[in-house]
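The next block holds one structure in the form of structure tokens; read it before the comments.
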Amino acid sequence: MISGAGEGKGVGVADSYTIIDNRTGKSVEVPIENGGISSRALRELDPNIFIYDPAFLQTAACRSSITFLDGDNGILRYRGYPIQDLAEQSSYLEVAYLIVHGELPSRAEFEKWTHDITFHTYVHENVRKRFMDGFHHDAHPMGILVATVGALSTFYPEAKNIADPEVRMRQVVRLIAKMPTLAAFAHRFSIGLPFVFPDNSLDFASNFLSMMWKIAEPRFESDPVLARALDQLFILHADHEQNCSTTAMRVVGSAHADPFSSTAAACAALYGPLHGGANEAVVRMLTEIGSLENIEPFVAAVKEGKARLMGFGHRVYKSYDPRARIIKATAERVFEVTGRNPLLDIALKLEEIALADEYFISRRLYPNVDFYSGLIYQAMGFPVDMFPVLFAIPRTAGWVAHWLELLGDPEQKISRPRQIYVGPPERPYVPIRDRN
Ligand code: CMC
């Protein structure tokens with residue numbers, strides 16, 4: 001039995017839970033600290049009783065000072081700064097510095113950071129010539145990304161030395177810098193175009209657009225509205241606390257794997273349609289719906305459990321995702337340049353119908369970041385296969401920040417959850433000749 005003390009009481013009353021083992025009458029008082037109670041108390045009562053929490057709905061696996069998320073009130077902050085302020089006034093590279101280092105950079109720090117990231121964008125020729133060329137001609141670019149980012153560990157064997165802070169930071173810079181290069185190469189390969197090398201005179205987003213789209217022109221000039229929109233999308237995707245891919249990064253990192261291998265694991269998690277693949281799934285869903293009159297039957301199918309409304313719902317946000325609000329405004333600016341994405345009308349109507357429907361209201365399902373981001377990417381010319389890759393580029397900043405935080409946290413050990421065994425009890429082995 002668990003009862004809360006201090007709930008609803010005045011200031012000064014110690015907040016705690018008292019946990020009573022009704023089998024023995026033994027009890028333990030656990031302080032509520034930073035909104036959590038330590039599982040150590042349960043171990044004191046009985047080390048063989050575990051908290052059963054599939055998918056970690058109620059489990060905090062670490063203390064973190066990177067991202068604050070209040071899902072009920074739609075609040076998201078990186079290192080204390082509201083996401084709206086960062087999206088409007090900052091740049092992705094500055095936000096990446098903030099997330100990794102904990103503070104906004106001084107001018108000199110930012111110049112050095114920008115220089116370091118810019119000059120680590122190249123990848124070893126063997127990555128391009130031997131490794132990438134080995135993929136099947138129509139390989140999914142996210143599959144290529146997962147494999148190539150993992151392969152980077154073989155090009156930088158020093159990365160295994162995770163105890164050295166300088167070595168660690170060098171890999172952090174390499175990862176943030178090389179992701180756009182690998183991402184663009186993956187795209188160019190999958191459509192049979194020659195690779196375009198990084199242009200160190202361009203900013204982060206424009207350089208990526210150049211590697212994606214440049215054909216024969218001496219210098220690729222990206223539309224400033226589109227480059228800024230992409231940079232803003234990168235800011236919005238830079239971190240999101242203990243999401244599935246960040247958890248993968250932390251779990252693999254907790255075994256002291258090198259950061260390239262850990263990032264490959266994070267990328268693999270992001271590949272899944274319930275996580276980073278969701279915006280790809282949104283565009284496919286909207287394309288399948290096809291016209292306004294098909295929306296009602298689609299929503300009915302969702303309510304019957306025959307389909308899922310992709311881009312809706314979130315494990316943490318139980319109100320409008322603040323990133324979705326910003327993205328909706330970005331979409332307007334992008335469409336002024338690219339022309340309106342015809343799927344937008346279907347998306348707007350679908351959102352309107354869903355937000356007024358009891359099924360979605362009662363389950364507190366609102367549009368998440370992916371509902372509109374795919375439409376922007378599509379309008380900018382990115383194929384849907386590239387959507388999760390576009391997510392991975394900026395999320396790398398979050399992954400490496402969590403990896404650094406994990407390694408510096410004396411409370412962390414190798415991740416190793418327990419289980420509730422529900423299989424057969426001990427039974428004798430029967431040789432195959434004696435089995436029916
Ligand atoms: N469409 C229809 N029903 C839904 C949806 C949806 N998109 N999302 C949740 N539900 C229902 C679900 O069936 C369940 O209903 P019931 O109580 O009757 O069984 C209820 O709402 C609670 O859902 P849940 O599956 O327990 O929620 P979860 O926290 O496990 O899942 C989610 C979160 C994001 C995986 C889920 O909402 C989903 O699959 N959404 C669509 C995919 C998507 O857009 N993913 C992107 C997430 S945002 C990017 C990121 O941060 O990774």
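Read the numbers this way: they start at 1 and go in the same order the structure lists the ligands and their atoms.
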Any heavy atom of Asp370 under 4.0 Å from ligand 1? The part involved is side chain
Of all protein heavy atoms, the one nearest atom 13 (O) of ligand 1 is Arg308 NH2, 3.2 Å
Sequence neighbours excluded, the answer for salt bridge (charged side-chain N to carboxylate O under 4.0 Å, His left out) partners of Glu241 is none
Checking the side chain of Asp370 only, and the main-chain atoms of Gly311 only, is there a donor and an acceptor separated by less than 3.5 Å?
no
Checklist entry - Do ligand 1 and Phe312 have nitrogen or oxygen atoms that lie under 3.5 Å from each other? => result yes
So for Arg315 against ligand 1, with non-hydrogen atoms under 4.0 Å, the contacting part is both
For atom 34 (C) of ligand 1, the closest protein heavy atom turns out to be Gly313 O, 3.7 Å
closest protein heavy atom to atom 50 (C) of ligand 1 is His275 ND1, 3.7 Å
Is there a donor-acceptor pair closer than 3.5 Å between any side-chain N or O of His101 and the backbone N or O of Glu103?
-> no
| task | Ignoring hydrogens, tell whether any protein atom lies closer than 4.0 Å to atom 19 (O) of ligand 1; use the non-hydrogen atoms only. | result | no
Side chain to side chain donor-acceptor pair (under 3.5 Å) with Gln171: of Glu158, His120, Lys160, only one passes, and it is Glu158
Practice problem: Mark whether atom 32 (C) of ligand 1 lies under 4.0 angstrom from at least one protein heavy atom. | Solution: no
Atom 3 (N) of ligand 1 touched by protein (heavy atom, under 4.0 Å) = yes
for atom 42 (C) of ligand 1, nearest protein heavy atom and its distance come out as Met310 CE, 3.4 Å
message = Check this for me: does any side-chain nitrogen of one of Lys328 and Glu332 sit under 4.0 Å from a carboxylate oxygen of the other?
response = no
Logged contact type for Phe371 with ligand 1, heavy-atom cut-off 4.0 Å, is neither
Problem - Arg23 with Asp46: basic N within carboxylate O range, under 4.0 Å - result: yes
Is a salt bridge present between Asp345 and Lys349, judged by a nitrogen-to-oxygen distance below 4.0 Å? no
re atom 10 (N) of ligand 1, the protein heavy-atom contact at minimum distance is Leu365 CD1, 3.6 Å
closest protein heavy atom to atom 51 (O) of ligand 1 is His314 NE2, 3.2 Å
Q. Mind checking whether Val302 has a heavy atom under 4.0 Å from ligand 1?
A. yes
Contact region, Asn368 to ligand 1, non-hydrogen atoms below 4.0 Å, reads side chain
_Under a 4.0 Å threshold between the charged nitrogen and the carboxylate oxygen, would Asp321 count as salt-bridged to Arg364?_
no
Measure from the side-chain N and O atoms of Thr181 to the backbone N and O of Thr121, and report whether any donor-acceptor pair falls under 3.5 Å. yes
The residue among Glu405, Glu411, Glu33 that forms side chain to side chain donor-acceptor pair (under 3.5 Å) with Arg63 is Glu411
Problem set entry | Nearest protein heavy atom under 4.0 Å from atom 23 (O) of ligand 1, yes or no | no
Check your understanding: So, is Phe360 polar-close to ligand 1, with some N/O to N/O distance under 3.5 Å?
Key -> no
Evaluate the 4.0 Å heavy atom contact test for atom 27 (O) of ligand 1: does a protein atom fall under the cut-off? no
